[in-house]
Structure formats: structure tokens, C-alpha cells
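Encoded as C-alpha cells, the structure appears first; notes follow it.
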Amino acid sequence: MPRRFPRFRWPLHFLHPPPPFFECTRRPPLSLLADRCASMRQLKQVHAQMIVSARIADNYAASRLLSFAALSPSGDLSHALRLFRANPLPNSFMWNTLIRALAASPSPATAVALFSEMLQVGTPSGKHTFPFLLKACACLPSPSIARQVHAHVLKRGFHVDPYVVNGLVRCYGVHGHLDDARRLFDGLPEKNLIVWTTMISSYAQNFCSNEVLLLFDRMIGAGVEPCNATLASVLSACARSGGLDLGQQIHSFIREKGIEVGVILGTALVDMYAKNGAITAALELFGQMPEKSTATWNAVICGLAHHGLANAALDLFHQLEREQVQPNDVTFVGVLSACCHAGFLKLGRRIFYSMERTYKIEPKVEHYGCMVDLLGRCGNLLEAERLIKGMKWGADVVILGALLTACKNHGNIDIAERVVNEMLRLDPGNHGVYVVLSNMYAEVGRWKDVTRLRKVMRVGGLKKIPGWSCVVGDVN
């Protein structure tokens, strides 16, 4: 007899597809499921279930869908916009959520347009609306919109809310209106750490180093303990103003408080030491950092180049290349400056042309300026002139001035005359070029040309502005 096998029963999960994720357990509220979504596919399943169960008309449930689509890293802003437009009566939370998402998008102007629409339909704006809206205003080129939003802030009575004021201070600071920012800051009765940091950062970003240090001192006197962002801004001011002593005190404060030195704060410390000439301390700190950004490498390379340590700067650049760190335009300014100080013409030429060929970085005016200076110092004046003529945009008086200085040093009057004509075309009142060219004529005995130039200066009412210097000292 043939052998009989027992009948096999297939498990149920092989016969039926798995249920949607919201049916795997006892069904929680759909709004809670929307908060638990991990992908747009899951969100759309919840959305479909809301439509089927007629829950989509519930603004709270719909707002959870909108929040995920607009703000989650796995979301979809265009889908969030469709959800918003499909709702006949969106609540304030929905408006604020979408303004927040649009403010952080590549098109921040759409956040301002949505706020205008919000006012037109009569939805009241609240204290949560303005910080997001002002973030969008800070990304726009004109400060006029920020002033209009400021008027709405005053109208709604939020001018004493620290988070709204912080947004206004940041917005005015970004646009360089520091007096307006400071008036808002001073008018705030209770200042939190965020507002102090924003005001200090605004001064730092606009290169007002003295104001940074004064305000930081006032902040410490008020008993407010700084955070990493505050310290980074103050260190940048120390780097620009030669405040090595204060920078060292801040470094000691960081060690005493056990503050974690991340990439941003570490880079600020390295930059402060490098720009103040404490190269050993900068290199030591650089070597101790477990994680470095391109800005960290730039701080050391530019610091070494600035203080004449060209070989060390170039060695560090080659190390950057070996470690496959992507340089940027600032990196090449430092490297080309190092080549210029050391007179490394061949290396500088190779690095300059590798910017586009190897790294796909288009040289800017600063790079051309370094290269013209390098060529001029090495006596390659014709090549420097050709380089200037080959620029995609017109050379400015700084680059032309570097070439004129090189012509003076090497006694090349022919190129100097062409450079002077070009500089006068850009700046007709630049009397300094007449003085340089007149001196060059005098050195070779061309006294008729000297007389002609002096007559041109006299007829044009041009006078040489006397030089001046400034000495800062302690007054007892």
C-alpha cells in the first residue's frame, strides 16, 4: 500500500496578506496613529481611514496629518499643502505649522504670503506664529517685510514676548540694522539666554567685536551663564580684535564647567588662537578634536599662512587632501596666500587651476587677487595682466592695484600705464595712481611725463591724502 502522509495545514498568515499597520493591534485613535507614522505611505493609510470613517472633518485629527507631512524628515511638504487646501476651515495650529515648514524651505517667501492670507481670512495670529514668520523674514533680502511684521507684533501686543523679540532681533541683525535690534533688546524687561545669544551673535556676524565683548561682559554681570553658541560668537570677536587674553579665559571657563567642545565651539577656539598668533595652541587643539569640519581645517591653514608659516600651511593642505576632506573657496584663499608669501609660483599656479579642474570650485575675486599678487611678486607681469583680462567679471581696483604695485617694484612702465588707465576708468577720483605713475616716470628720468601728470592733478583739484595711523593704549 502506498504510504500516506498527514494532511498539512497552511498557517493563516500565508493565506492572507498582513493587515495595514493600524489594524495590527487594538485600534487606537486615528490622530494618535498619525503621530506614530514613520513614512508617508503609513500616513496615507491613516488618511484613507479617516476619510472612510468620516473623521477627516475633525480638525484635530487632520492637524496631526498635516504636522507629520509638513515637519517630519520623512514628510512631504507638497502633500501637506494639499491637505491644508482641502480643509475648509483650518485652525491656527494648521496655519502655524505650515508657516513653520515653509520658513525652513527653499522658498521662505511663501511663508510670508501664507501669513498674509491668514490675515485676510481673519484667523488670529498668536505668539507661536511670529517666531516662525520672522525666521522666514531673516532669509529674505529686504528688511522691509520684517518691519511690517514688527508692526503686527506691536498691534498684537507681543513686543514683550522673549521668543518673538528674539526673532525680531535676529531678523534685524541679519540685515545689519543693529540699532533697531539693540533697541528691541534693551526694551525687553526679562531677557533669557536665547535673546542674549542672538544679540551677541548679531554683533559678531556684523564684525562689531567691541560691542560683542561689552555685551558679553554685561551678560556675565547679569548672572546669565553662556551656552556654546554664545561662547562661539565671543571667541570669533576675540579672533578679530586680538583679544587673546579673553579668549584664553573663555577656554579656561569651558574646561572648568566641563562644557563639551564640539565642532563649532572647537573651530571657534582654533580660529581664535590661530588669528592671535598662538599657533602652537591652535595646532594642539586641532589635533585633539575628534571631529573636524572644513571650517576647522581652514582656520588653521589660514592662520599659518597669515603668520608666514607657508610650508606648514601647505603641509596641512596636503594632509587635508590625503584624508579626502572636501576643501572650499576659503581653503584656497589660505593656500594661495601661503604660496604668495613664500613665492611658490609653480605650486600656486597648479593649485589655482586645480580649483575648477579637480574640485569644481569657481575662483572668486579673492583667489584672482592672490594669484595676481603671486605672479607680480615673481615678475610675471604679462601673465598677471592676461589673467586679469581672462576673468569672467571685471577686475576691481584692489586686484589692479596689486598689479600696479608689482609694476612699480619691477619698473614696468608700459603695463603700469595700461593698469592706471583701467583704474581711472573704474574710479576717476583715484589720485593715488597718478602719484605712483609719476614716481615711476621720475625714477627713469621722464620729467615731461612727471610734469604732465602733476598738471592733470592740479587742474583736477586732486591732492594726495596724508597717511594716518591709530595707536590704542591704556589711559591711566
Side-chain angles (χ1 to χ4, degrees), residues 228 231-233 235-244 247-248 250-251 254-255 260-378 402:
N228 286 25
L231 296 171
S233 295
L235 286 168
S236 71
C238 294
R240 294 191 188 100
S241 63
L244 179 60
Q248 289 173 327
I250 292 173
H251 194 184
I254 291 169
R255 285 194 291 255
E260 183 181 357
V261 179
V263 175
I264 295 175
L265 188 55
T267 301
L269 281 166
V270 169
D271 187 49
M272 184 275 298
Y273 280 122
K275 284 183 177 172
N276 281 291
I279 299 298
T280 303
L283 288 171
E284 182 181 351
L285 191 59
F286 177 82
Q288 292 172 355
M289 290 179 64
E291 185 182 353
K292 307 175 184 70
S293 67
T294 303
T296 316
W297 290 86
N298 290 348
V300 184
I301 290 172
C302 293
L304 291 167
H306 179 74
H307 292 284
L309 301 172
N311 287 317
L314 293 167
D315 288 342
L316 196 62
F317 175 69
H318 295 318
Q319 182 183 340
L320 175 146
E321 290 182 311
R322 288 193 300 272
E323 296 188 17
Q324 297 183 344
V325 178
Q326 180 65 30
N328 58 19
D329 57 324
V330 178
T331 315
F332 286 102
V333 170
V335 175
L336 290 171
S337 296
C339 293
C340 190
H341 287 307
F344 296 152
L345 178 57
K346 289 183 179 180
L347 179 60
R349 189 188 284 125
R350 180 176 64 79
I351 290 173
F352 177 79
Y353 288 109
S354 74
M355 288 179 64
E356 276 193 295
R357 293 172 185 169
T358 306
Y359 297 101
K360 312 303 179 187
I361 298 173
E362 184 178 5
K364 296 180 179 178
V365 173
E366 297 85 356
H367 306 105
Y368 278 98
C370 290
M371 199 61 205
V372 167
D373 194 13
L374 175 58
L375 290 167
R377 291 189 186 202
C378 295

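FYI, side chains are in, hydrogens and waters are out, and symmetry mates aren't considered; it's all heavy atoms of this structure.
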Q. Hey, mind stepping through Arg322 and His318 against side-chain hydrogen bond (donor to acceptor under 3.5 Å, both in side chains) and telling me if it holds?
A. CA-CA 6 Å; Arg322 288 193 300 272; His318 295 318; over 6 Å; no
(Q) If I take atom CD1 from residue Ile254 and atom CG from residue Leu265, how far apart are they, to the nearest 0.5 angstrom? (A) 4.0 Å
Q. Above 12 or not: heavy atoms from other molecules or residues under 6.0 Å from CG of Leu347?
A. yes
Q. So do the side chains of Tyr359 and Asn328 get within less than 4.5 Å of each other, counting heavy atoms only?
A. no
Q. Roughly how far, to the nearest 0.5 Å, is the CG atom of Leu374 from the NE2 atom of His341?
A. 11.0 Å
Q) Considering the options Thr267, Val325, Asn298, which one meets the side chain to side chain contact (heavy atoms under 4.5 Å, CB included) requirement together with Ser293? A) Thr267
Q) To the nearest 0.5 Å, how far apart are OG1 in Thr296 and CG in Leu285? A) 9.5 Å
(Q) Could you measure the distance from the CE atom of Met355 to the CZ atom of Arg350? Nearest 0.5 Å is fine. (A) 13.5 Å
**Q.** Residues that Asp315 engages under salt bridge (Lys or Arg N to Asp or Glu O under 4.0 Å), provided they are two or more places apart
**A.** none
**Q.** Aromatic centroids of Trp297 and Phe317 separated by under 6.0 Å
**A.** no
Q. Judged by atom type as modelled, is there a donor-acceptor pair below 3.5 Å linking the side chain of His367 to the main-chain atoms of Asp329?
A. yes
Q) Heavy-atom distance under 4.5 Å between the side chains of Cys302 and Val333, does that happen here? A) no
Q.
Would you compute the distance between atom OG1 of Thr331 and atom CD1 of Ile351 and round it to the nearest 0.5 angstrom?
A. 11.5 Å
Q: Would you please indicate if the ring centroids of Phe352 and Phe332 are separated by under 6.0 Å?
A: no
Q) Got a second to check how far Met371's CE is from Leu345's CG, nearest 0.5 Å? A) 6.0 Å
**Q.** Close side-chain approach of Tyr273 and Glu284, heavy atoms under 4.5 Å
**A.** no
Q: State whether the number of non-hydrogen atoms from other residues, nucleotides or ligands found under 6.0 Å of His306 atom NE2 is greater than 12.
A: no
(Q) Between Tyr368 and Leu336, is there a side-chain heavy-atom distance shorter than 4.5 Å? (A) no
Q: Could you check if a side-chain atom of Ile250 sits within less than 4.5 angstrom of a side-chain atom of Met272, using non-hydrogen atoms only?
A: no
(Q) Restricting to salt bridge (Lys or Arg N to Asp or Glu O under 4.0 Å), what partner residues turn up for Glu260, sequence neighbours left out? (A) none
Q: Measure across Leu244 and Ala278 and return the closest heavy-atom pair with its distance rounded to 0.1 Å.
A: CD1-CB, 4.4 Å
**Q.** Residues that Lys275 engages under salt bridge (Lys or Arg N to Asp or Glu O under 4.0 Å), provided they are two or more places apart
**A.** Asp271
